[in-house]
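Take a look at the structure set out below.
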Amino acid sequence: MKPTPTAKTTRLLRSSAQRLVAVLRRKVLFRYRLVLITLVTLAVGIGVGAVWGPSGWFPPSSTILTVLAGGLLLKRKSLAFLLGVVAAVLVFVAYMLDFGQVGPGLLVTIGVTAVLSYLLSGVRERLGVQGLSGEMMLLDLRDRIRHQGRMPRLPEGWGRTAVLRQAGGSSFGGDFVVSIRREDRLDVAVVDVSGKGVDAGTRALMLSGAFSGLIGAVPTGDFLSHCNDYLMRNSGGEGFVTAVHLSVDLDTGEYQIASAGHPPALHYDSGGGLWSTTEAKGVVLGVIPEMTYTSVQGKLRPGDAIMLCTDGLIETPGEDLDAGIDRLLGEAERLVPHGFATGAGELVDTLSKDKNDDCALVVLWRD
């Protein structure tokens with residue numbers, strides 16, 4: 001007995017529906033099917049409520065919330081399906097009620113939101129994270145770089161402080177500090193990545209981990225050379241880096257300073273009550289291969305201090321660098337009566353005022 005045309009049509013529709021469900025389950029609803037189903041249900045519920053629910057309780061404009069949630073929680077394929085459902089809901093509401101409920105303003109707003117959500121979802125999908133995982137990852141990275149910038153505990157008779165300020169109030173910047181204490185020796189490096197704010201922050205995140213590992217693994221006199229070698233292998237021509245490295249014997253107070261294109265370190269002599277610049281100089285990191293950096297020697301006596309800073313504190317557009325150093329020396333005088341610990345923050349606030357640049361300051365002193 002041959003099947004009737006109606007039976008053939010029924011089987012064809014059933015087969016098509018099964019294939020559609022299989023495709024949706026495999027490509028659209030795979031990992032995020034529960035979230036997708038929830039948002040689709042909400043969008044449909046808003047449409048049904050707008051038509052048959054209490055007046056004013058379910059405005060069609062509230063479908064924009066499902067679009068925003070989809071941009072945060074769904075992949076692009078799932079989001080595209082959700083956007084199709086939202087469009088169908090708006091058409092349904094407009095057909096059942098009147099087109100005044102779904103005016104051009106609402107359509108433009110939801111359309112722009114849909115485009116932004118789709119782009120946002122694409123970025124998150126490329127990163128391999130959804131929802132707020134990306135933001136949590138950045139927060140964790142920010143906390144890690146701040147933790148690396150904390151200087152270790154020092155023996156009695158020594159004090160230290162570090163101040164970091166990012167351009168524009170950003171959580172990420174191109175200046176960072178790495179340090180380590182090995183028995184009675186303290187090593188500190190202040191690093192400035194070329195660029196400002198978030199642009200330099202991504203490179204600083206990578207380099208802070210590398211430099212933090214190097215400062216504890218290589219001989220003191222070779223630290224900047226190893227940093228330069230690392231940049232020559234891995235920078236890919238993304239820009240240069242300046243750095244200053246301080247190594248102090250905490251028993252005797254004798255120190256070594258090496259610089260790679262960095263502003264000079266300042267030494268406070270408590271006997272004369274004056275700040276002076278050190279003579280350490282060198283080529284910036286990541287430009288010339290196989291560089292060696294010569295250090296200068298000095299000694300911190302009781303009451304003395306040494307200051308390391310980045311160019312954000314001394315550089316002013318259109319002004320000579322020496323003028324910025326002179327201004328820093330003048331402001332550094334305030335550290336003595338206020339105390340090095342509290343005065344360092346005030347100094348950074350004063351010199352970085354009205355400047356859009358990353359700043360870092362480290363002060364080490366003997367009581």
Side-chain angles (χ1 to χ4, degrees), residues 20-21 23-142 166-173 195-202 205 356:
L20 177 61
V21 170
V23 170
L24 290 176
R25 185 177 299 165
R26 183 173 65 253
K27 295 185 177 181
V28 181
L29 307 180
F30 178 55
R31 289 186 58 190
Y32 305 100
R33 56 183 178 273
L34 182 60
V35 175
L36 177 60
I37 291 172
T38 301
L39 294 177
V40 167
T41 302
L42 287 174
V44 172
I46 291 171
V48 172
V51 175
W52 291 295
S55 178
W57 282 39
F58 300 92
S61 59
S62 56
T63 55
I64 197 171
L65 298 177
T66 64
V67 175
L68 290 172
L72 283 172
L73 304 174
L74 297 176
K75 290 189 175 181
R76 283 180 293 179
K77 291 181 180 180
S78 302
L79 179 60
F81 181 79
L82 174 63
L83 295 178
V85 172
V86 170
V89 166
L90 294 176
V91 172
F92 171 74
V93 172
Y95 176 77
M96 294 298 295
L97 298 177
D98 59 80
F99 286 96
Q101 294 283 337
V102 187
L106 175 59
L107 294 177
V108 170
T109 301
I110 292 182
V112 172
T113 305
V115 171
L116 294 177
S117 297
Y118 191 81
L119 295 174
L120 177 63
S121 178
V123 171
R124 293 175 183 274
E125 190 172 337
R126 288 177 58 193
L127 291 172
V129 297
Q130 295 299 124
L132 299 178
S133 301
E135 283 74 12
M136 296 302 296
M137 188 187 307
L138 289 175
L139 287 174
D140 182 60
L141 289 172
R142 181 202 64 185
Q166 279 76 43
S170 171
S171 295
F172 301 94
K196 298 179 182 178
V198 176
D199 294 336
T202 52
L205 284 171
N356 185 31

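Each residue takes its place number in the sequence, starting with 1. Please read all numbers here as calculations on a predicted model, not as lab measurements.
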On a heavy-atom basis, the closest approach of Pro60 and Val93 is CG-CG1, 3.8 Å
Of Thr41, Leu39, Val40, which is the lone residue that meets side chain to side chain contact (heavy atoms under 4.5 Å, CB included) with Ile37? Thr41
My understanding is that only residues two or more places apart in sequence, or in another chain, count here; which of them pass side-chain contact (heavy atoms from CB on, under 4.5 Å) with Ser62? Ile46, Pro59
Not counting sequence neighbours, which residues clear side-chain contact (heavy atoms from CB on, under 4.5 Å) with Trp57? List them please. Pro54
Name the atoms and distances for all side-chain donor-acceptor pairs under 3.5 Å in residues 106-120, with sequence neighbours left out.
unit_1: Thr109; atom_1: OG1; unit_2: Gly105; atom_2: O; d: 2.8
unit_1: Thr113; atom_1: OG1; unit_2: Thr109; atom_2: O; d: 2.8
unit_1: Ser117; atom_1: OG; unit_2: Val67; atom_2: O; d: 3.4
unit_1: Ser117; atom_1: OG; unit_2: Thr113; atom_2: O; d: 2.8

Inter-residue atom distance Ile64.CD1 - Leu68.CG, 0.5 Å rounding: 5.5 Å
